A.B. asks: 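Once you've had a glance at the structure underneath, I'll fire off some questions.
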There are 2 protein chains.
Amino acid sequence: MQEHEHDRCEEQCIHPEVIESVRREMLGAVPADELAQLFKVLGDNTRIRILDALFRSELCVCDLTTLLGMNQSAVSHQLRVLRDARIVKSKKQGKNVLYSLDDEHISELVRMGSEHVRELRR
Amino acid sequence: MQEHEHDRCEEQCIHPEVIESVRREMLGAVPADELAQLFKVLGDNTRIRILDALFRSELCVCDLTTLLGMNQSAVSHQLRVLRDARIVKSKKQGKNVLYSLDDEHISELVRMGSEHVRELRR
DNA sequence: TTTATATATGAACAACCATTCATATGATAA
DNA sequence: TTATCATATGAATGGTTGTTCATATATAAA
């Protein structure tokens, strides 16, 4: 068992009431985890490019492979991550599988994120 | 040099014009990278909880350490990641360093993400 | 049936990342 | 000055993750 008394700031920091009020309002462990998981899925260059492409049009894996200029296997693996997160959906059409965005929240998130990034550049 | 002809679907997939039009509209490599980087920073449980806490109130490192119930060093390392991404800002006050959100876009992103996660749960 | 095409997936590997430990820096108090 | 407190940081480490390769599955055409 370890003593952590020295890890805590007693009177030097902001008053304990602030800490308590923040603690009451804070996100629970589960929602925070799910939120972080959502952003983690969005936090990859390949997946962002896939979503950006699907935002313009429904596309099959082969189209995405061409557009991204990368391995078909890599694209499929990332599509699976997006499918598992219910960010994209797929439907079979003959030999192909057509992918599209599953949720309008996601395009909004990408739009807002882009705006933020653009403003940071100024 | 490798032949990738067999990686491309010729006539079976969606027409080439669709691919061309999507290619013209798509995000450039640099914006896509920056966007993915932003989401990557948001895609961590500890950092989300830090942002959620700072959304409620300006706090010092010590307060955050108490609120998150984790190592001071770990909190400081994550604060650095958030500072580098210009998501939080800091100001010195005596022995303490007070952190706060640097941008209102971020709280909007967190709010929208939370909403999405909540709806997925239904 | 056999052949070709589109997609999915498991395993392996390299690169990345969050945390911990130890220590350094910087500020206040004595 | 010295001692103490709050924060920052470098190095090491264990765990995660994106890509590649090889292969499996599934559909369509011959």
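Residue numbering restarts at 1 for every chain, and letters A, B, ... go by the order of the sequence lines. Small disclaimer: the values here were computed from a predicted structure and weren't measured.
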A.B. asks: Under a 4.5 Å side-chain heavy-atom rule over Ile, Leu, Val, Met, Phe, Trp and Tyr, are L101(B) and L120(A) clustered together?
C.D. replies: no

A.B. asks: Determine which pairs satisfy salt bridge (charged side-chain N to carboxylate O under 4.0 Å, His left out) with at least one residue from residues 103-116 of chain B, sequence neighbours left out, and list them in order.
C.D. replies: E108(B)-R111(B), R111(B)-E115(B)

A.B. asks: My understanding is that only residues two or more places apart in sequence, or in another chain, count here; which of them pass side-chain hydrogen bond (donor to acceptor under 3.5 Å, both in side chains) with S21(A)?
C.D. replies: none

A.B. asks: Taking side-chain hydrogen bond (donor to acceptor under 3.5 Å, both in side chains) as the cut-off, I'd like each qualifying pair that reaches into residues 44-55 of chain B, sequence neighbours left out, listed once.
C.D. replies: R47(B)-Q78(B), D52(B)-R56(B)

A.B. asks: Take the protein atom CG of N96(A) and the nucleotide atom C1' of dT7(C), then report the distance between them rounded to whole Å.
C.D. replies: 9 Å

A.B. asks: Between Q72(A) (CD) and dG10(C) (C1'), how many Å, whole number?
C.D. replies: 14 Å

A.B. asks: S107(A): which residues meet the side-chain hydrogen bond (donor to acceptor under 3.5 Å, both in side chains) condition with it, sequence neighbours left out?
C.D. replies: none

A.B. asks: When you measure from the side chain of S57(A) to the backbone N and O of A53(A), does any donor-acceptor pair fall under 3.5 Å?
C.D. replies: no

A.B. asks: Show which side-chain atoms of residues 29-42 of chain A pair as donor or acceptor with protein atoms under 3.5 Å away, not counting sequence neighbours.
C.D. replies:
| residue | atom | partner | partner atom | Å |
| --- | --- | --- | --- | --- |
| E34(A) | OE1 | R121(B) | NE | 3.2 |
| E34(A) | OE1 | R121(B) | NH2 | 3.2 |

A.B. asks: Who passes side chain to side chain contact (heavy atoms under 4.5 Å, CB included) against K92(A), sequence neighbours left out?
C.D. replies: V97(A)

A.B. asks: Going by the rule side-chain hydrogen bond (donor to acceptor under 3.5 Å, both in side chains), which residues pair with R23(B) if we only count those two or more places apart in sequence or in a different chain?
C.D. replies: E20(B)

A.B. asks: Name all pairs fulfilling the ring pair (Phe, Tyr, Trp, His ring centres under 6.0 Å) condition that reach into residues 40-63 of chain B, sequence neighbours left out, sorted by first residue then second.
C.D. replies: none

A.B. asks: Quick one: is S73(A) getting a side-chain N or O under 4.0 Å of the dT19(D) phosphate, OP1 or OP2?
C.D. replies: no

A.B. asks: Please report the distance, rounded to the nearest Å, between OH in Y99(A) and P in dT7(C).
C.D. replies: 9 Å

A.B. asks: Using heavy atoms and a sub-4.0 Å distance, could you list which residues of residues 30-45 of chain B are near DNA chain D? By number, please.
C.D. replies: none

A.B. asks: Indicate for each nucleotide in nucleotides 25-30 of chain C, in 5' to 3' sequence, whether protein heavy atoms under 4.0 Å reach the base (B), only the sugar-phosphate (S), or nothing (-).
C.D. replies: -SSS--

A.B. asks: Keeping to residues at least two apart or across chains, list the ring pair (Phe, Tyr, Trp, His ring centres under 6.0 Å) pairs with something in residues 91-115 of chain A.
C.D. replies: H105(A)-H116(B)

A.B. asks: Mind calculating the distance between CG (L64(B)) and P (dA6(D)) to the nearest angstrom?
C.D. replies: 14 Å

A.B. asks: Let me know the distance between NZ of K91(B) and P of dA6(D), rounded to the nearest Å.
C.D. replies: 19 Å

A.B. asks: Looking at DNA chain D, which of residues 75-85 of chain A put a heavy atom within less than 4.0 Å of it?
C.D. replies: H77(A), Q78(A)

A.B. asks: Return no unless some side-chain N or O of N71(A) is found under 4.0 Å from OP1 or OP2 of dT19(D).
C.D. replies: no

